[in-house]
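Contents: one structure, followed by commentary.
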Amino acid sequence: MEESKNNIEITDSSGDKYKYGFTTEIEADTVPVGLNADVIRLISKKKGEPEWLLDWRLKAFEFWQGMKEPTWAKLQYDKIDYQSLSYYSAPKQKVKPQSLQDVDKELLETYEKLGIPLKEQEVLAGVVAVDAVFDSVSVATTYRAKLAEQGVIFCSISEAVKEHPDLVKQYLGSVVPYTDNFFACLNSAVFTDGSFVYIPKGVKCPMELSTYFRINAKNTGQFERTLIVADDDSYVSYLEGCTAPQRDENQLHAAIVEIVVLNNAEVKYSTVQNWYPGDKDGKGGVYNFVTKRAACRGENSKVSWTQVETGSAVTWKYPSCVLQGNNSSGEFYSVAITNNHQQADTGTKMIHIGKNTTSKITSKGISAGMSNQTYRGLVKISPNADNARNYTQCDSLLIGDKCGSHTVPYIENRNKKAQLEHEATTSKISDEQLFYCRQRGIDEEEAVSLIVNGFCKDVMQHLPMEFAIEAAKLINISLEGSIG
Amino acid sequence: MSKLLHDIKLIGDDIPWLKDMRSAGRDAFAVSGLPQPKAEAWKYTKPIRFFAEDFLPAPHGESCSSPNKNLPFNACKIYFENGVFCSCDEDIPQGVEVLPLIEAIMFKPEIRGKIGASADITKHQFAALNQAYLGEGVYIKVAAGTKVAKPLVIINHITTDRELRQYSLRNLVIMEDSSKAEIMEYYCYDGELKSSYFVNMVNEIYIGENASLHHYKLQSEAYKAAHIALNSVFVAGYGEYKSFCLQKGADLSRNETKVILSAEYAKTEVDAAYIMNGWATIDTTTDIEHLKPFTQSSQLVKGVIGGQAKGVFQGKIHIAPQAVKTEGYQLHKAMLLSDEAEIDVKPELEIFADDVKCSHGAASGELNADQLFYMRSRGIGEEEARQILIDAYLNDVIAKIDNQEIKQFMSMAANPLKERE
């Protein structure tokens with residue numbers, strides 16, 4: 001007992017400011033506070049949307065009014081007053097920028113601080129295309145021309161609505177219908193922007209696509225909507241990274257990501273989530289309620305979710321795979337780190353419908369400080385999913401005696417030919433490992449981060465290279481101050 | 001009036017606290033009713049389907065015929081027929097007190113604080129219903145330091161000529177410090193295979209310091225019966241609760257075990273097996289609460305499901321803040337034998353302390369084709385080969401039973417081929 005106290009003790013000395021906590025002063029064009037049908041009409045009008053999309057939004061809004069906010073997650077947060085939020089905010093710009101020179105200087109500086117290679121396109125020389133989202137409207141999209149050569153569409157969803165209405169109409173809401181859940185429904189009614197990706201038949205996307213999101217204007221929730229369609233025999237790797245400026249008030253983020261994967265196609269979706277987690281007393285921070293789902297519609301289709309979750313005061317997120325096509329496969333790799341007063345309820349759903357479908361879940365949770373974390377997952381095998389296979393591993397690491405770590409998996413098997421395995425463990429950092437490192441002159445904090453990085457390795461190796469390096473740093477930053 | 005709640009004459013209504021308890025149970029059930037489809041604690045088991053019809057409570061103090069259930073091993077038998085205390089073997093071991101519950105209520109005022117104390121009627125709807133009819137059951141007390149040599153077996157025998165009855169029974173077991181005993185519950189029936197009745201059990205078990213109870217249960221109810229049981233166990237420091245439950249009967253069956261490890265070095269093993277065909281739902285639910293450091297728990301549950309049956313396992317390990325140096329282990333394995341069978345599993349860990357070792361595992365699949373082929377190639381018929389494999393599969397958990405005779409008995413019960421011999 002004594003020993004563990006000495007090794008792992010919570011100190012309040014975490015004085016480190018959130019690294020990305022700065023605010024850009026840009027005039028924002030904000031719609032009046034509150035939510036009603038008129039606000040939705042206004043959003044739709046400002047974005048110059050067609051009639052069908054407005055109708056869809058209004059239907060979603062009507063449905064949302066009859067819905068109740070879910071309470072089943074192990075999360076505690078102050079009630080959100082949805083009427084006190086502003087649902088639209090776009091940086092004021094009279095003319096749409098034609099090139100980077102036209103873009104607001106301050107904005108570019110913000111990105112520079114974040115290290116996004118937007119200013120000089122040569123910086124990452126054809127490796128990453130950034131569709132940077134500043135609050136709600138895409139500001140600039142790079143590499144579009146190069147992608148267009150191959151027929152890849154990578155643009156903001158509002159542009160897609162105008163330029164590729166048929167594709168959007170066909171797939172929007174087909175994976176996450178507006179009736180799906182409270183937050184998805186809200187998003188469907190008020191979503192402002194997001195990314196749209198279409199990979200045509202037989203195309204292997206030549207570069208990794210990347211979007212950086214930033215929450216900026218005060219009191220605006222962000223309602224992003226991303227739609228990725230991978231047509232037959234195509235491949236794309238998509239990166240999503242988030243940082244948010246420091247704020248005292250809680251900010252709401254309710255995003256949707258929909259992925260459609262057709263025959264023999266593969267989509268790899270990687271996320272590093274680093275929204276502002278609140279200060280060490282649990283004040284402020286982002287509320288992150290995200291619905292992410294991929295539908296493997298085609299045969300031999302494949303989708304893989306990789307996420308590193310270190311930010312947000314409250315996370316509610318379950319990237320899922322609906323394995324409809326025969327031989328399709330879904331993967332989920334997750335590292336979630338919570339410190340101080342952060343709360344995360346996250347996991348995945350693997351729904352096996354087609355024959356010979358496989359899924360793999362690897363979830364690593366690390367709780368420190370006063371934080372609480374829950375893995376919540378579902379593996380469902382429907383009666384037709386012959387020879388379905390699932391392997392799930394959830395490991396949790398606890399640092400300090402005031403945090404909590406919970407595991408709530410649901411396993412539903414309706415096919416005798418399916419083989420399911422689930423394993424979960426919870427423990428603290430072993431004293432022996434720590435002692436071993438200390439004995440070789442590594443200080444305690446570094447030793448812990450070494451061990452934690454080793455613990456997460458299974459997941460980190462699935463991240464694209466640039467992301468993996470950033471994520472490893474992020475893990476260290478997230479745990480700073482949790483070890484005394 | 002809510003379904004399942006009926007006005008009948010109950011013995012002991014002149015005892016004010018008993019009357020109060022009954023009406024508290026009544027009120028609680030009137031408010032809650034049956035578990036609703038969205039209730040998380042009943043996520044996969046839907047009792048509403050079964051209770052489309054009403055069940056009348058068995059009147060208190062009915063007479064019963066002479067006991068006629070024999071056991072293949074030496075035991076002290078406590079016999080219930082159709083939910084009524086019938087008789088108890090005369091050779092009760094020394095240091096053990098056995099009384100019909102109603103007599104204990106009348107003459108042992110000290111049990112007042114124990115009965116109903118651990119089965120929370122606001123959380124457990126069926127415990128509330130049980131409390132509304134409180135009175136039948138058995139009270140067993142094992143005096144401090146007593147080591148009981150032979151098992152006490154509570155036989156609940158239903159003669160199925162009385163359709164649509166509900167039987168609410170409650171057993172109170174008190175193990176005083178440093179005592180040791182084995183208790184087995186045996187649920188069986190005679191007559192029509194498809195008769196419909198409802199057994200609503202609550203066991204409240206208190207295990208004192210350094211005491212040990214081995215608790216076995218065989219549920220072999222009629223095919224259209226419902227059997228719902230709540231075992232609420234409180235374990236003091238260095239105490240041990242070890243249980244095994246085999247469920248193989250009933251249309252709707254649930255065995256819920258809640259163990260509170262209340263002090264340091266308390267430990268528990270909650271094992272179970274189930275085997276089911278037909279249309280039944282069979283549910284094993286556990287909730288282990290580690291409240292103090294150095295507590296230990298282990299669970300092993302294995303099931304075999306065929307026909308259109310549904311097997312449910314919900315297991316929860318809760319570790320309270322400061323309950324460090326605890327160990328919690330849980331494993332559920334299930335085998336599906338048919339295309340329409342279903343397995344639903346929810347193993348849950350809820351951990352608020354860092355220095356713990358907890359793990360759970362769950363797996364499901366079908367009979368191993370290679371193993372089956374191996375036996376077929378050696379001239380063993382398919383039916384028999386399957387049975388041998390199932391038997392071996394369940395044997396993992398049955399083998400953990402310490403008492404050889406009970407192990408043999410359970411092993412027979414789990415295997416219809418052996419039963420025929």
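Reckoned from all heavy atoms, side chains included, excluding hydrogens, waters and symmetry mates. As the structure is a prediction and not an experimental result, all values here were calculated from the model.
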Looking at A:Y318 versus A:W72, is the centre-to-centre ring distance below 6.0 Å? yes
Tell me if the centroids of the rings in A:W316 and A:F182 come within less than 6.0 Å of each other. no
Chain A contact via [X] - side chain, backbone, both or neither, heavy atoms under 4.5 Å:
| X | result |
| --- | --- |
| B:P347 | both |
| B:I317 | neither |
| B:Q330 | neither |
| B:K333 | neither |
| B:Y329 | neither |

If I measure from the heavy atoms of chain B, does [X] come under 4.5 Å with its side chain, its backbone, both, or neither?
| X | result |
| --- | --- |
| A:P383 | neither |
| A:K74 | side chain |
| A:A424 | both |

Considering only NZ, NE, NH1 and NH2 on the basic side and carboxylate oxygens on the acidic side, decide whether B:K258 and B:E289 come within less than 4.0 Å. yes
Using 4.0 Å as the upper bound for N to carboxylate O, is an ion pair formed by B:E382 and B:R376?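 Judged by the 4.0 Å cut-off on N to carboxylate O distance, B:R376 and B:E382 do form a salt bridge.
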Could you check which of [options] has the highest count of heavy-atom pairs closer than 4.5 Å to chain B?
| options | answer |
| --- | --- |
| A:Q393, A:R414, A:R376 | A:R414 |
| A:H406, A:E423, A:E421 | A:H406 |
| A:D395, A:N372, A:T407 | A:T407 |

If you apply the rule side chain to side chain contact (heavy atoms under 4.5 Å, CB included), what do you find for A:V379 with A:H422, and how did you get there? CA-CA 10 Å; A:V379 174; A:H422 173 100; over 6 Å; no
Among side-chain atoms of B:H360 and B:H332, is any donor-acceptor pair under 3.5 angstrom? no
Does any donor atom in the side chain of B:T281 or B:D283 lie under 3.5 Å from an acceptor atom in the other side chain?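 No, B:D283 and B:T281 have no side-chain donor paired with an acceptor closer than 3.5 Å.
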Take a 6.0 Å sphere around CD of B:E40 and say whether it holds more than 12 heavy atoms from other residues, nucleotides or ligands.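 Check passes, neighbour count above 12.
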